[in-house]
Amino acid sequence: QLQLVESGGGVVQAGGSLRLSCAASGPSFSEYALGWFRQSPGKERKFVAGISLSGNKADYAISVEGRFTISRDNAKNSVYLLMDSLQPDDTDTYYCAADHRYSDTISRLWGLWDYWGQGTQVTVSS
């Protein structure tokens with residue numbers, strides 16, 4: 001079982017950057033695809049970015065393609081999301097997630113992911 005703890009959220013002006021971090025504790029971290037999702041109150045959780053077991057594959061929602069970069073450091077049991085050119089529409093609670101997989105693939109379906117962090121708030125002011 002993995003426990004995930006996010007950090008790095010905050011308030012930033014439009015055009016600015018933030019770096020979210022997620023530290024994992026538990027066994028076999030390298031056996032998990034890792035991802036970031038976002039959610040507003042009363043709305044469905046949405047995929048933002050994911051990275052495969054090997055770290056060689058990444059997938060992004062079209063709304064963040066070219067602005068956000070996901071990375072992982074298996075030696076530190078951590079995953080990161082670098083968010084550049086932030087816009088007010090990026091405002092949300094962001095969640096780190098882990099998905100135990102046997103292949104080097106990434107799922108966009110939040111219901112298939114196994115473990116979740118508590119969330120970190122990102123607010124972009126105009």
Side-chain angles (χ1 to χ4, degrees):
Q1 183 172 354
L2 286 186
Q3 292 185 328
L4 306 173
V5 178
E6 301 100 334
S7 61
V11 180
V12 63
Q13 287 190 329
S17 299
L18 281 175
R19 185 186 188 228
L20 305 184
S21 299
C22 175
S25 58
S28 306
F29 179 78
S30 62
E31 296 179 3
Y32 291 84
L34 303 167
W36 291 92
F37 290 75
R38 58 183 290 183
Q39 188 173 24
S40 296
K43 295 190 176 180
E44 187 172 340
R45 195 162 291 192
K46 296 190 295 185
F47 175 83
V48 175
I51 190 165
S52 65
L53 304 180
S54 69
N56 292 331
K57 296 180 182 179
D59 187 24
Y60 297 93
I62 193 170
S63 61
V64 306
E65 185 86 46
R67 299 189 298 124
F68 291 10
T69 304
I70 189 170
S71 61
R72 65 187 294 164
D73 186 339
N74 286 353
K76 296 182 178 180
N77 278 18
S78 294
V79 60
Y80 310 97
L81 186 67
L82 177 60
M83 312 164 72
D84 291 324
S85 302
L86 282 162
Q87 299 302 317
D89 284 348
D90 296 318
T91 295
D92 231 332
T93 302
Y94 284 74
Y95 295 87
C96 171
D99 176 17
H100 191 267
R101 301 189 74 83
Y102 296 98
S103 61
D104 206 32
T105 55
I106 303 161
S107 171
R108 292 188 171 199
L109 302 176
W110 68 267
L112 298 182
W113 291 67
D114 298 306
Y115 300 107
W116 295 88
Q118 81 288 354
T120 186
Q121 179 67 35
V122 172
T123 301
V124 185
S125 60
S126 58

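FYI, the numbering just counts along the sequence from 1. Source: prediction; values computed, not measured.
The two atoms that bring Ala23 and Ser78 nearest to each other are CA-OG, 4.0 Å, heavy atoms only. For the pair Asp90 and Arg67, the tightest heavy-atom approach, listed with the atom from each and the gap, is OD2-NH1, 2.8 Å. Shown here for Thr93 and Gly119, the closest heavy-atom pair between the two residues is CG2-CA, 4.0 Å. The shortest non-hydrogen separation linking Thr91 to Gln121 is CG2-NE2, 4.0 Å. Considering all non-hydrogen atoms of both residues, Asp99 and Leu112 come closest at OD1-O, 3.4 Å. Closest approach of Tyr115 to Leu2, counting heavy atoms only: CD2-O, 3.6 Å.
With hydrogens and angles ignored, the 3.5 Å screen pairs no side-chain donor or acceptor of Glu31 with any backbone N or O of Tyr102. Remark: side-chain polar atoms of Trp113 are not paired, donor with acceptor, to backbone N or O of Ala33 under 3.5 angstrom. Arg108 contributes no side-chain N or O that, together with a main-chain N or O of Gly50, makes up a donor-acceptor pair within less than 3.5 Å.
Both tests do not hold together for Arg72 against Tyr32: distance to the six-membered ring centre under 6.0 Å, angle to the ring axis within 45°. A cation-pi contact, defined as under 6.0 Å to the ring centre and within 45° of the axis, links Arg45 to Trp116.
Val64 and Leu81 fall within a single hydrophobic cluster, where Ile, Leu, Val, Met, Phe, Trp and Tyr are joined by side-chain heavy atoms under 4.5 Å apart, directly or via other members. When the side chains of ILVMFWY residues are joined at heavy-atom separations under 4.5 Å, either directly or via intervening members, Trp36 and Leu18 end up in a single hydrophobic cluster. Taking hydrophobic clusters as Ile, Leu, Val, Met, Phe, Trp and Tyr residues chained together by side-chain heavy-atom distances below 4.5 Å, Val48 shares a cluster with Leu4. A chain of hydrophobic side-chain contacts below 4.5 Å, direct or via other Ile, Leu, Val, Met, Phe, Trp or Tyr residues, connects Tyr94 to Ile51.
Taking the side chain as every heavy atom from C-beta outward, Cys22 and Tyr80 never approach each other to under 4.5 Å. Side-chain atoms of Leu20 and Glu6, non-hydrogen and from C-beta on, never get closer than 4.5 Å to each other.
The pair Asp92-Lys43 does not count as a salt bridge, with every side-chain nitrogen at least 4.0 angstrom from each carboxylate oxygen.
With rounding to the nearest 0.5 angstrom, the CG atom of Asn74 is 11.0 Å from the OG atom of Ser28. Distance check: Glu65 CD to Asp59 CG gives 8.0 Å after rounding to the nearest 0.5 Å. In this structure, CG in Leu82 is found 6.0 Å from OG in Ser17, a value given to the nearest 0.5 Å. Note that the CG atom of Leu53 and the NE2 atom of His100 stand 8.0 Å from one another [nearest 0.5 Å]. Rounded to the nearest 0.5 Å, atoms CD (Gln13) and CG (Leu86) are 11.5 Å apart.
Shown here is Gln118, whose CD atom has more than 12 heavy atoms of other residues, nucleotides or ligands within 6.0 Å.
In this structure, a donor-acceptor pair under 3.5 Å is present between the side chains of Asp104 and Ser52. Side chains of Glu44 and Trp110: a donor-acceptor N/O pair is present below 3.5 angstrom, by distance only.
Listed by first and then second residue, the ring pair (Phe, Tyr, Trp, His ring centres under 6.0 Å) pairs involving residues 41-79 are Phe37-Phe47 (not counting sequence neighbours).
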